[in-house]
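Everything below concerns the one structure shown next.
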Amino acid sequence: ISKSRYSLMITQYLFDDRELGTALGQALRRSPDPVSLRMIFDLNQFKTGSCSRQPAAVVNLMEWGAQVRVYKPSVAVGFPSTHEKSMVADEAIYALGSANMADNSLNNNVESCMVTRAAQTVRKAAIRFEKLWLLARPWQAEEAARAVQQRENRRPGAAARSKSAEREEAARQSSID
């Protein structure tokens, strides 16, 4: 990521790893030549998924200029998802593996990854990404903010924190009056 010169195309099911988030953020803000970052995620993971830090991590990248899209395959049966874990860097390197860009996958699981510079394979991966990019829909900042808030509300103690905030606001308002 840090050695990418101009573009990263990433497809992921889950994303919340802080180190990777930092590296992607630095690439996006690199001066004078920031990297173009496009990411595709599974739609359901953003709405109700198990990765609680993902929406906030992706919002940060969006604020730094990342383009984000979400996709859910349409099939009649089963549990369709965008479960791919891949990256094309500078249309010269292709990485494909089993690991999500998530703390648990990278630090606790047994995972695999294949990296190649084979021009034909990289080209096919880039074309595949572009086709999926066209099928995916843009993830809007408003949706991202709602997802972050929904995840925050689902955390243990969220109701108590919310009531406490309401009481503090009411006390502040009464002191103003």
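Throughout, residue positions are numbered sequentially from 1 according to the sequence presented.
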How long is the gap from [atom1] on [X] to [atom2] on [Y], to the nearest 0.5 Å?
X: Tyr13; Y: Ile40; atom1: OH; atom2: CD1; value: 16.0 Å
X: Ser2; Y: Gln26; atom1: OG; atom2: CD; value: 8.5 Å
X: Leu37; Y: Ile1; atom1: CG; atom2: CD1; value: 8.5 Å
X: Thr82; Y: Arg69; atom1: OG1; atom2: CZ; value: 13.0 Å

Decide yes or no on side-chain contact (heavy atoms from CB on, under 4.5 Å) for Met101 and Ile10, but give the supporting numbers first.
CA-CA 10 Å; Met101 289 182 161; Ile10 297 174; 4.0 Å; yes
Side-chain (Tyr6) to main-chain (Asp90) donor-acceptor, under 3.5 angstrom:
yes
Quick one: does any side-chain atom of Asn100 pair with a main-chain N or O of Ser105 as donor and acceptor, under 3.5 Å?
no
Where at least one partner belongs to residues 77-88, residue pairs that pass salt bridge (Lys or Arg N to Asp or Glu O under 4.0 Å), sequence neighbours excluded
Glu84-Arg128
Would Gln54 and Leu14 count as a side-chain contact (heavy atoms from CB on, under 4.5 Å) here? Give the steps.
CA-CA 7 Å; Gln54 178 170 279; Leu14 297 175; 4.0 Å; yes
Under the side-chain hydrogen bond (donor to acceptor under 3.5 Å, both in side chains) rule, collect the residues that match up with [X], sequence neighbours excluded.
X: Asn108; value: Asn104
X: Asp103; value: Asn107
X: Tyr71; value: none

Contact between [X] and [Y] at the side-chain level, heavy atoms closer than 4.5 Å - yes or no?
X: Met87; Y: Leu8; value: yes
X: Gln67; Y: Trp133; value: yes
X: Leu96; Y: Ser86; value: yes
X: Phe15; Y: Val68; value: no
X: Leu61; Y: Met39; value: yes

Is there any side-chain hydrogen bond (donor to acceptor under 3.5 Å, both in side chains) pair reaching into residues 110-119, and which pairs are they, with sequence neighbours excluded?
Ser98-Glu111, Asn109-Glu111
Please report the closest heavy-atom contact between Val122 and Ile93, naming both atoms and the distance.
CG1-N, 3.9 Å
Tell me every residue that passes salt bridge (charged side-chain N to carboxylate O under 4.0 Å, His left out) with Glu130, counting only those two or more places apart in sequence or in another chain.
Arg38
